[in-house]
Amino acid sequence: MRTTEDSYLHKGLRKKLVDQIREKGISDESVLLAIMNVPRHFFLDSAFEKQAYEDRAFPIGEEQTISQPYTVAYQTQLLQIKPFEKILEVGTGSAYQASVLAELKAKVYSIERQKKLFEANKKFEFLKQYRSLRLFYGDGFEGLPTFAPFDKILITAAAPYIPEKLLEQLKKGGCMVLPLDEGDNQRMHRLTKQLDGTILEEKFDEFSFVPMLIGKRG
Ligand code: SAM
């Protein structure tokens, strides 16, 4: 069962978490404020409230995880989101990252391949406040051609290669942030589609994500 109470104790734990993430190198104050505003314990079973404010990934069922807060902040910072930008997220999972993006006033289109996780999020009351957040059940490798192009694309699972269809759905001037498979770990990449259509590739730190898998799971 989920909790719906956000007490002073929770806010205090969240403030400590934000301080830790800042110490690890996240400097974008709008991202830190979004982390401060989203009650991460709402996204886990109430039995794991304490763990919600530790800076680590945590199981959410279906062999999936809610990403580590530092990783969420890291990917969000690389995206350099401005209000009203259209963002495609691949891998809704717990919808925590999607909520952080919605806090930044982005228009979020988030896809999940696991039906159970998608359905749980559809019933998740907290998410209803984010009118700019839309959830889809599907295969992220296909993207959402009906809603393309996107200003930014975020992949929150380890991509085995750069999904070509997603690059096609990216606006010129936009960027895609993704962890690319390099064996056990993945290196965070930012691919910027330049105005002449060429792709600028930048590489950042290493992370460890669950794999991005082809096809839907019912
Ligand atoms: N963003 C999530 C959050 O805030 O909780 C964390 C995501 S978890 C690390 C990765 C998610 O990507 C899982 O829920 C997994 O089912 C999903 N996923 C993996 N491959 C996918 C694909 N091809 N399309 C859509 N979702 C996918």
Side-chain angles (χ1 to χ4, degrees), residues 2 17 21 31 34-35 37-45 48 51-79 81 87-104 106 108-122 124 126-127 130 133-145 147-148 150 152-167 169 176-181 184-186 188 206-218:
R2 296 183 196 263
L17 176 65
I21 293 173
V31 173
I35 300 277
N37 286 344
V38 180
R40 191 166 184 261
H41 64 289
F42 285 7
F43 295 75
L44 297 176
D45 189 279
F48 304 117
Q51 285 84 345
Y53 293 111
E54 290 170 4
D55 188 21
R56 61 183 178 107
F58 202 78
I60 53 168
E62 309 307 309
E63 296 165 19
Q64 301 305 325
T65 52
I66 178 171
S67 297
Q68 182 181 348
Y70 171 70
T71 309
V72 170
Y74 192 100
Q75 289 198 290
T76 310
Q77 179 165 277
L78 284 180
L79 284 168
I81 288 168
I87 317 287
L88 172 65
E89 182 199 18
V90 173
T92 317
S94 67
Y96 176 68
Q97 168 77 74
S99 302
V100 169
L101 297 174
E103 278 289 329
L104 289 165
V108 187
Y109 297 72
S110 185
I111 317 180
E112 174 56 55
R113 70 181 286 276
Q114 299 254 10
K115 198 165 197 183
K116 280 197 184 145
L117 295 178
F118 166 75
E119 282 173 351
N121 284 326
K122 283 302 236 187
F124 186 7
F126 175 78
L127 298 182
Y130 297 125
L133 169 60
R134 296 177 67 171
L135 302 175
F136 298 83
Y137 168 52
D139 178 4
F141 279 100
E142 300 297 318
L144 288 173
F147 298 95
F150 296 96
K152 312 267 165 80
I153 298 180
L154 171 62
I155 303 183
T156 69
Y161 51 83
I162 298 168
E164 205 45 50
K165 289 185 183 168
L166 297 189
L167 268 188
Q169 293 173 31
M176 170 154 76
V177 169
L178 73 163
L180 255 189
D181 239 328
D184 286 346
N185 292 325
Q186 303 86 43
M188 198 64 76
E206 276 194 16
F207 290 83
S208 176
F209 280 80
V210 295
M212 180 175 178
L213 300 171
I214 295 173
K216 291 190 278 188
R217 187 169 149 189

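Order of appearance sets the numbers: ligands from 1, and atoms from 1 within every ligand. Note that the structure is predicted; figures quoted are calculated from it, not measured.
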Are any side-chain N or O atoms of Gln186 and backbone N or O atoms of Ala157, one a donor and one an acceptor, separated by less than 3.5 Å?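 Here the side-chain-to-backbone pair does not exist.
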
Around [atom], find the nearest protein heavy atom and jot down its residue, atom name and distance.
atom: atom 8 (S) of ligand 1; value: Thr65 O, 3.2 Å
atom: atom 14 (O) of ligand 1; value: Glu112 OE1, 2.7 Å
atom: atom 12 (O) of ligand 1; value: Gly91 CA, 3.2 Å
atom: atom 4 (O) of ligand 1; value: Gln97 N, 2.9 Å

Given [options], identify the one with the heavy atom nearest to [atom].
atom: atom 19 (C) of ligand 1; options: Pro211, Ser94, Gly140; result: Pro211
atom: atom 15 (C) of ligand 1; options: Gln64, Gln68, Lys216; result: Gln64
atom: atom 10 (C) of ligand 1; options: Leu117, Asp139, Thr156, Ile214; result: Thr156
atom: atom 26 (N) of ligand 1; options: Arg113, Arg40, Lys116; result: Arg113

Of all the atoms in ligand 1, which lie at a distance below 4.0 Å from a heavy atom belonging to [X]?
X: Glu89; answer: 1 (N)
X: Ile111; answer: 25 (C), 26 (N)
X: Gly138; answer: 24 (N), 25 (C)
X: Tyr96; answer: 4 (O)

I'd like to check whether [X] has a polar contact with ligand 1, where a contact means an N/O of the residue lying under 3.5 Å from an N/O of the ligand.
X: Met212; value: no
X: Ile60; value: no
X: Leu213; value: yes

Sole candidate of Tyr96, Tyr53, Phe126 that passes ring-ring contact (aromatic ring centres under 6.0 Å, His included) when paired with His41: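 Going through Tyr96, Tyr53, Phe126 one by one, the ring-ring contact (aromatic ring centres under 6.0 Å, His included) with His41 is satisfied by Tyr53 alone.
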
Checking contacts here: is it the side chain or the backbone of [X] that comes within 4.0 Å of ligand 1, counting heavy atoms only? Could be both or neither.
X: Gln114; answer: side chain
X: Ala98; answer: neither
X: Glu62; answer: neither

Note, Ile155 side chain near Pro163 side chain (heavy atom, < 4.5 Å):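 Yes. Closest side-chain heavy atoms under 4.5 Å.
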
Min side-chain heavy-atom separation Val210-Glu63 under 4.5 Å: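 Heavy-atom side-chain distance check fails, nothing below 4.5 Å.
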
Any heavy atom of Ser110 closer to ligand 1 than 4.0 angstrom?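 Ser110 does not count as a contact of ligand 1 under the 4.0 Å cut-off.
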
Is Val100 near ligand 1, meaning one of its heavy atoms is under 4.0 Å from it?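 So Val100 does not count as touching ligand 1.
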
Taking the six-membered ring for Trp and the full ring for Phe, Tyr or His, determine whether the centres of Phe43 and Phe124 are under 6.0 Å apart.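 That pair passes the under 6.0 Å test.
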
Centre-to-centre under 6.0 Å for Tyr161 and Phe141, is that the case here?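 Yes - the distance between ring centres of Tyr161 and Phe141 falls below the 6.0 Å cut-off.
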
Aromatic rings Tyr109 and Phe147: how do their planes relate, parallel, tilted or perpendicular, breaks at 30° and 60°?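 Because their plane-to-plane angle lies in the 30° to 60° range, the rings of Tyr109 and Phe147 count as tilted.
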
